[in-house]
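Inspection log for the structure reproduced underneath, given as structure tokens.
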Amino acid sequence: MGSLQTANKIIAFFNSPDGPENMFIELKDIPTTNLLKSMMEQLHQNGIIVLISKINDNRHFEKIVASLKYVDGIKLDIHVKDKTKFPIYLRKDIQFWRDIAKKWHVMLVIDGVANQSMESWLMEQEGLDYLEGDYFGDAKLPLLKK
């Protein structure tokens with residue numbers, strides 16, 4: 001999203017007869033604090049949930065800390081080369097972001113679930129709100145009437 005005009009279009013679609021019951025918006029890039037704050041006010045008033053996505057490791061914390069008070073959650077992207085083993089760094093990254101999410105009272109979403117063993121391992125981790133990934137199938141966008 002780049003402007004309040006975009007936020008207004010999203011809100012109009014969400015509230016339209018063709019809009020979904022729930023809407024999550026993922027921000028790959030974080031706008032300026034003033035724009036983010038005004039956009040979040042509009043989106044939250046309409047029940048739209050906003051996440052900061054493309055978080056990979058704890059080096060991203062400094063980039064997003066100022067935005068955490070305005071958003072609803074963070075989305076940690078995990079990409080493990082060997083889908084049968086879960087390296088220690090992954091556990092540490094999850095623990096780090098889980099503690100951040102808890103401190104800032106935001107949800108934590110994990111993306112990159114590739115198979116059942118990864119899902120089972122993640123389900124054993126505490127403080128995760130949602131899991132996403134290829135294991136759960138392809139995401140489908142709603143069909144819109146022209």
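A quick note: this is a predicted structure, and the numbers were derived from the prediction, not measured.
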Open item on the list: Test side chain to side chain contact (heavy atoms under 4.5 Å, CB included) on Asp72 and His44; report intermediate values, then the result.
Closed with: CA-CA 9 Å; Asp72 303 297; His44 286 150; 2.8 Å; yes
Open item on the list: Quick check for you: to the nearest 0.5 Å, what is the distance between Lys69 atom NZ and Thr33 atom OG1?
Closed with: 7.5 Å
Open item on the list: I'd like to know if the side chain of Asp134 and the backbone of Ala114 have a donor-acceptor N/O pair within less than 3.5 Å.
Closed with: no
Open item on the list: Among residues at least two apart in sequence or on other chains, which ones pass side-chain contact (heavy atoms from CB on, under 4.5 Å) with Lys28?
Closed with: Ser53, Lys54
TODO: Please tell me if the side chains of Leu27 and Leu36 come closer than 4.5 Å, counting only heavy atoms from C-beta onward.
DONE: yes
Task: Flag if over 12 foreign heavy atoms under 6.0 Å of CD, Gln116 - done: yes
Task: Distance-only donor-acceptor check, side chains Asn115 and Ser117, under 3.5 Å - done: yes
Task: Close side-chain approach of Ile78 to Ile110, heavy-atom, < 4.5 Å - done: yes
TODO: Could you walk me through whether Lys103 and Leu68 pass side chain to side chain contact (heavy atoms under 4.5 Å, CB included), step by step?
DONE: CA-CA 10 Å; Lys103 177 181 178 179; Leu68 288 172; over 6 Å; no
TODO: Please check if Met118 and Tyr135 belong to a single hydrophobic cluster, counting links between Ile, Leu, Val, Met, Phe, Trp and Tyr side chain heavy atoms closer than 4.5 Å.
DONE: yes
- [ ] Check whether any side-chain heavy atom of Asp93 sits under 4.5 Å from a side-chain heavy atom of Ile55, and report yes or no.
- [x] no
- [ ] Decide whether Leu51 and Val106 are clustered together by the hydrophobic rule: side chain heavy atoms of Ile, Leu, Val, Met, Phe, Trp, Tyr closer than 4.5 Å, transitively.
- [x] no
Open item on the list: Could you tell me if the side chain of Leu90 sits less than 4.5 Å from the side chain of Trp121, heavy atoms only?
Closed with: yes
Task: Where Gly127 and Leu108 come nearest, the two heavy atoms and their spacing - done: O-CB, 3.9 Å
TODO: Hey, could you give me the CZ/CD distance between Arg98 and Gln125, rounded to the nearest 0.5 Å?
DONE: 7.5 Å
Open item on the list: Is there a path of hydrophobic side-chain contacts, each under 4.5 Å between heavy atoms, that joins Phe13 and Ile25?
Closed with: yes
Open item on the list: Keeping Asp129 on the side-chain end and Val109 on the backbone end, is there a donor-acceptor pair under 3.5 Å?
Closed with: no
Open item on the list: Please give me the minimum heavy-atom distance between Ile30 and Ser67, naming the atom from each residue.
Closed with: CG2-OG, 3.1 Å
Open item on the list: So which atom in Tyr70 and which in Ala66 form the shortest heavy-atom distance, rounded to 0.1 Å?
Closed with: CE1-O, 3.7 Å
Open item on the list: How close do Val65 and Glu62 get, counting heavy atoms only, and between which atoms?
Closed with: CG1-O, 3.8 Å
- [ ] Taking all heavy atoms of Trp97 and all of Ile64, pick out the closest pair and write down the distance.
- [x] CZ3-CD1, 3.5 Å
Open item on the list: Less than 4.5 Å apart, side chain to side chain, heavy atoms only: is that true for Asn8 and Gln42?
Closed with: yes
Task: Straight-line distance of Arg91 CZ to Leu122 CG, nearest 0.5 Å - done: 10.0 Å
Task: CG-CD1 distance between Asp99 and Ile94, expressed to the nearest 0.5 angstrom - done: 12.0 Å
Open item on the list: With heavy-atom distances below 4.5 Å as the criterion, would you say the side chains of Ile10 and Asn46 are in contact?
Closed with: no
- [ ] Please check if Val71 and Leu128 belong to a single hydrophobic cluster, counting links between Ile, Leu, Val, Met, Phe, Trp and Tyr side chain heavy atoms closer than 4.5 Å.
- [x] yes
Task: Ser120 versus Glu124, side-chain donor and acceptor atoms under 3.5 Å - done: no
- [ ] Fit a plane to each ring of Phe96 and Phe61, take the angle between them on a 0 to 90° scale, and name the class: parallel (under 30°), tilted (30 to 60°) or perpendicular (over 60°).
- [x] perpendicular
Open item on the list: I want to check something: taking the side chain as every heavy atom from C-beta on, are Ile49 and Met107 in contact at a cut-off of under 4.5 Å?
Closed with: yes
Open item on the list: If I compare all heavy atoms of Ser38 with all of Leu35, which pair ends up nearest, and what's the gap?
Closed with: OG-O, 3.1 Å
Open item on the list: When you compare the side chain of Leu43 with that of Ile11, does any pair of heavy atoms fall below 4.5 Å?
Closed with: yes
